[in-house]
Amino acid sequence: MTATEFIARQRRRFANSPLSAHEALLIVRLFLHDFADHLSLARLADGQRLNDVTDSAAYARELAAVIEIEETMRQPQHAAICHTCGHPHPSGEECGVDMGGAGICGCKAEVPA
């Protein structure tokens, strides 16, 4: 996937975002610049330096997991964590968490309020 293809894919992802595509891509651009500037310092959770594409992919997933954990902790108290998928569900609603390339979580398990 070329850089142009990757950004086109991201642009499509933001089609239904509360942010405009311009605002969302500005955030992505800032993140990518910071990521590139610090990639040589990156270490996996186990302390290992990045050696190859597999390590880089693992590092990107670790970054995403940190964001998901922090956002889960910031959820309003009325959103309970689902025991089926592990995501916060607003009371009486499907999950709907964006899981990146895996799509949207479609868990329909009922979560007690």
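In what follows, residues are counted from 1 in the order of the sequence shown. Heavy atoms only: backbone and side chains are in, while hydrogens, waters and symmetry mates are out.
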Going from [atom1] on [X] to [atom2] on [Y], what distance comes out if it is rounded to the nearest 0.5 angstrom?
| X | Y | atom1 | atom2 | answer |
| --- | --- | --- | --- | --- |
| R61 | S56 | CZ | OG | 11.0 Å |
| L41 | R49 | CG | CZ | 7.0 Å |
| D37 | H33 | CG | NE2 | 8.0 Å |
| D55 | E62 | CG | CD | 9.5 Å |
| L25 | L30 | CG | CG | 11.0 Å |
| L63 | E68 | CG | CD | 13.0 Å |

How is the hydrophobic cluster of V66 composed, in terms of its other members, when Ile, Leu, Val, Met, Phe, Trp and Tyr link through side-chain heavy atoms under 4.5 Å apart, directly or indirectly? none
What I want to check is whether the side chains of H38 and D34 have a donor and an acceptor closer together than 3.5 Å. yes
Taking the side chain from E70 and the backbone from I67, do they hold a donor-acceptor pair closer than 3.5 Å?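 Absent.
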Does R43 have more than 12 heavy atoms from other residues, nucleotides or ligands lying within 6.0 Å of its CZ?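 Correct, the count exceeds 12.
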Grouping I, L, V, M, F, W and Y whenever their side-chain heavy atoms are under 4.5 Å apart, do F14 and L26 come out in a common cluster?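 Result: no, two separate clusters.
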Transitively linked via ILVMFWY side-chain contacts under 4.5 Å: F31 with L19? no
